[in-house]
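These notes concern the structure reproduced below.
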Amino acid sequence: MRLFTAVWPSEQVLDHLDLTLASVRGGPAGRSADVRWSARETWHLTTAFYGEVADGVVPTLVESLAEAGADLPPYDLALRGAGVFAHRTLWVGATGGLAEHRAVTRECRDAATDLGVHDDGRARERPHLTIGRSRPGSGPPRRRSSRPRDSSRLDDDPLAGLVRALAVYEGPTWTVEEVLLVESTPGAGRGGGPLYRTVERFALEG
């Protein structure tokens, strides 16, 4: 099965973000036709992505992650700001207990190493929650004249406009008390996105 570990924000945090995004979806800062928005049920902060894991290895991985969680303390996070990866992926960042969060990502990665299961190697020093991706061909419109484009216009580039609109966003603080091991089935979720199923939850008890 295709697995990853993640921290999930509280419902209060998701409600706050959902309400904020409702004010920019479809507006001049984020044209709906140009952005494929992530479904709310997929909003999370990945701590490790393992890819395909053999069924026989999963129980041992669960045990290893549970042991790691027992040594890690709960910590506070809040969603804040926004950015873009690879000119395509729109994300909201986080603030608060970042040192504690980085420790969680390291433990989630290391918990699988001895089992022959490896994280995808992506740097996760900047925790983030993906909220959307640009649709193919939805970049800035081509200029038809020699006049320079007004870079202050939010509707020139939907992702750049959204980053500017969400730059000052800050959501409520929540306490991270658990990490989830999640199975992902690409394309099986709402709107053709991934379908997630929680395999196990690990309490942070340190």
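Within the 4.5 Å cutoff, the side chain of His101 has no heavy atoms near those of the Val176 side chain. In this structure the side chain of Leu204 reaches within 4.5 angstrom of the side chain of Tyr75, judged on heavy atoms.
Distance check: Ile131 CD1 to Asp18 CG gives 10.5 Å after rounding to the nearest 0.5 Å. Note that OG1 of Thr89 is 4.5 Å distant from CZ of Arg133, once rounded to the nearest 0.5 Å. From Leu21, atom CG reaches atom CH2 of Trp37 across 5.5 Å, with rounding to the nearest 0.5 Å.
Residue pairs meeting the side chain to side chain donor-acceptor pair (under 3.5 Å) criterion with at least one partner in residues 51-67, sequence neighbours excluded, are absent. Here salt bridge (Lys or Arg N to Asp or Glu O under 4.0 Å) pairs that include residues 178-199, with residues two or more places apart or in two chains, are Glu41-Arg190, Glu178-Arg201, Glu183-Arg197. Sorted by first then second residue, the side chain to side chain donor-acceptor pair (under 3.5 Å) pairs that include residues 2-15, not counting sequence neighbours, are Thr5-Thr47, Glu11-Arg40, Asp15-Arg40. The salt bridge (Lys or Arg N to Asp or Glu O under 4.0 Å) pairs that include a residue from residues 81-97 number zero, where partners must be two or more places apart or lie in different chains.
With sequence neighbours left out, Ala167 forms a side-chain contact (heavy atoms from CB on, under 4.5 Å) with no residue at all. In this view, Thr20 and His16, Leu166, Tyr169 satisfy the side-chain contact (heavy atoms from CB on, under 4.5 Å) rule, not counting sequence neighbours. Residues that satisfy the side-chain contact (heavy atoms from CB on, under 4.5 Å) test with Val84, not counting sequence neighbours, are Leu90, Leu159, Val163. Scored by the side-chain contact (heavy atoms from CB on, under 4.5 Å) test, Asp71 finds no partners at all (sequence neighbours excluded). Residues that satisfy the side chain to side chain donor-acceptor pair (under 3.5 Å) test with Asp110, not counting sequence neighbours, are absent from this structure. Residues forming a ring-ring contact (aromatic ring centres under 6.0 Å, His included) with Phe4 (at least two apart in sequence, or on another chain): His44, Tyr196. Partners of Thr198 under the side chain to side chain donor-acceptor pair (under 3.5 Å) rule, at least two apart in sequence or in another chain, do not exist in this structure.
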Taking it one step at a time, do Leu79 and Trp174 satisfy side-chain contact (heavy atoms from CB on, under 4.5 Å)?
CA-CA 9 Å; Leu79 299 179; Trp174 85 99; 4.2 Å; yes
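The two residues Gly132 and Val35 have their closest heavy-atom pair at CA-CG1, 4.4 Å. Summarising the geometry of Leu98 relative to Pro127, their closest heavy-atom pair is CD2-CG, 3.7 Å, with the distance given to 0.1 Å. In this structure, Ala94 and Leu45 approach most closely via the heavy-atom pair CB-CD2, 4.1 Å.
The hydrophobic cluster containing Leu115, built from Ile/Leu/Val/Met/Phe/Trp/Tyr side-chain heavy atoms closer than 4.5 Å, also comprises Met1, Leu3, Tyr50, Val53, Val57, Val58, Leu61, Val62, Leu65, Val117, Leu181, Val199, Phe202.
Val7 and Trp91 sit in two unconnected hydrophobic clusters of ILVMFWY residues. Membership requires side-chain heavy atoms under 4.5 Å apart, directly or through other members.
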